[in-house]
Amino acid sequence: MKWYPIPGIELTGKPFIHKVKVSGKGIIIISYEDQLYALGSTCPHAGAELSGGWCKEGKIICPFHRYSYDLQTGKGSPGQNDYVDSYPVEIRAGEVYVGIETFWDRILGKP
């Protein structure tokens with residue numbers, strides 16, 4: 001797992017959705033109910049940008065067709081049969097980091 005610092009995020013305790021590009025991937029960093037989450041930024045249903053959505057009951061809601069995805073797992077709600085990628089998030093010395101699995105992690109089966 002390679003960890004990337006995410007500049008420009010202020011941890012104020014207020015909810016937010018912030019889109020970033022990390023290792024060539026569009027990712028949204030979400031602050032919701034005092035927790036941080038990182039998910040893929042594009043809705044797999046219709047390609048909508050999830051950064052324009054909102055959070056409700058532990059899910060990000062797509063602004064186009066109201067599809068929803070679990071903030072922890074990225075799994076779509078029942079009946080959707082889809083998901084968005086989810087990434088681990090850490091706070092180190094007040095800075096936010098996102099972990100992205102490397103090619104070798106996948107080959108060697110490392111978490």
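Excluded from the calculations below are hydrogen atoms, water molecules and symmetry mates; all remaining heavy atoms, backbone and side chain alike, are included.
For Tyr37 (side chain) and Gly58 (main-chain N/O), no donor-acceptor pair under 3.5 Å exists by modelled atom type.
Among all heavy-atom pairs drawn from Pro7 and Pro5, the shortest one is CD-O, 3.4 Å. Closest non-hydrogen pair, Ser86 versus Thr73, comes out as OG-O, 3.4 Å. Across every non-hydrogen atom of Gly40 and Tyr87, the tightest pair is N-CE1, 3.9 Å. Minimum interatomic distance between Val96 and Leu11 (heavy atoms only, all atoms of both residues): CG2-CD2, 3.8 Å. Contact record, Ile17 with Cys55: CD1-SG, 4.4 Å, taken as the closest heavy-atom pair. For the residue pair Ser41 and Ile28, the shortest heavy atom distance occurs at CB-CG2, 3.8 Å.
To the nearest 0.5 Å, the span separating CD1 on Ile91 from CG on Leu36 amounts to 4.5 Å. A distance of 12.0 Å separates CD1 in Ile6 from CD in Glu90, rounded to the nearest 0.5 Å. A distance of 13.0 Å separates OH of Tyr4 from NZ of Lys21, quoted to the nearest 0.5 Å. Note that CG of Leu71 is 6.0 Å distant from CG of Leu39, once rounded to the nearest 0.5 Å. Once rounded to the nearest 0.5 Å, the distance linking CD1 of Ile60 with CG of Asp70 reads 11.5 Å. Atom CD1 of Ile29 and atom OG of Ser51 lie 11.5 Å apart (nearest 0.5 Å).
No single ILVMFWY cluster, assembled from side-chain heavy atoms under 4.5 Å apart, contains both Trp3 and Val22. A continuous path of ILVMFWY side-chain contacts below 4.5 Å connects Ile100 to Ile9, so both sit in one hydrophobic cluster. Following chains of ILVMFWY side-chain contacts shorter than 4.5 Å, one can reach Val89 starting from Phe16, so the two form part of one hydrophobic cluster.
In this structure the side chain of Cys62 reaches within 4.5 angstrom of the side chain of Leu50, judged on heavy atoms. Residues Lys2 and Ser23 fail the side-chain proximity criterion, which asks for heavy atoms closer than 4.5 Å. At least one side-chain heavy atom of Val84 sits under 4.5 Å from a side-chain heavy atom of Pro44.
A donor-acceptor contact closer than 3.5 angstrom links the side chains of Ser77 and Lys59. Side chains of Asp82 and Gln80: a donor on one and an acceptor on the other come within 3.5 Å.
The local environment of CD in Glu95 is crowded, with over 12 non-hydrogen atoms from other residues, nucleotides or ligands closer than 6.0 Å. The environment of Tyr83 atom OH is sparse: at most 12 non-hydrogen atoms of other residues, nucleotides or ligands sit within 6.0 angstrom. Counting non-hydrogen atoms of neighbouring residues, nucleotides and ligands closer than 6.0 angstrom, the CZ atom of Phe64 reaches no more than 12 such neighbours.
Using cut-offs of 30° and 60° on the angle between ring planes, the pair Tyr67 and His45 is parallel.
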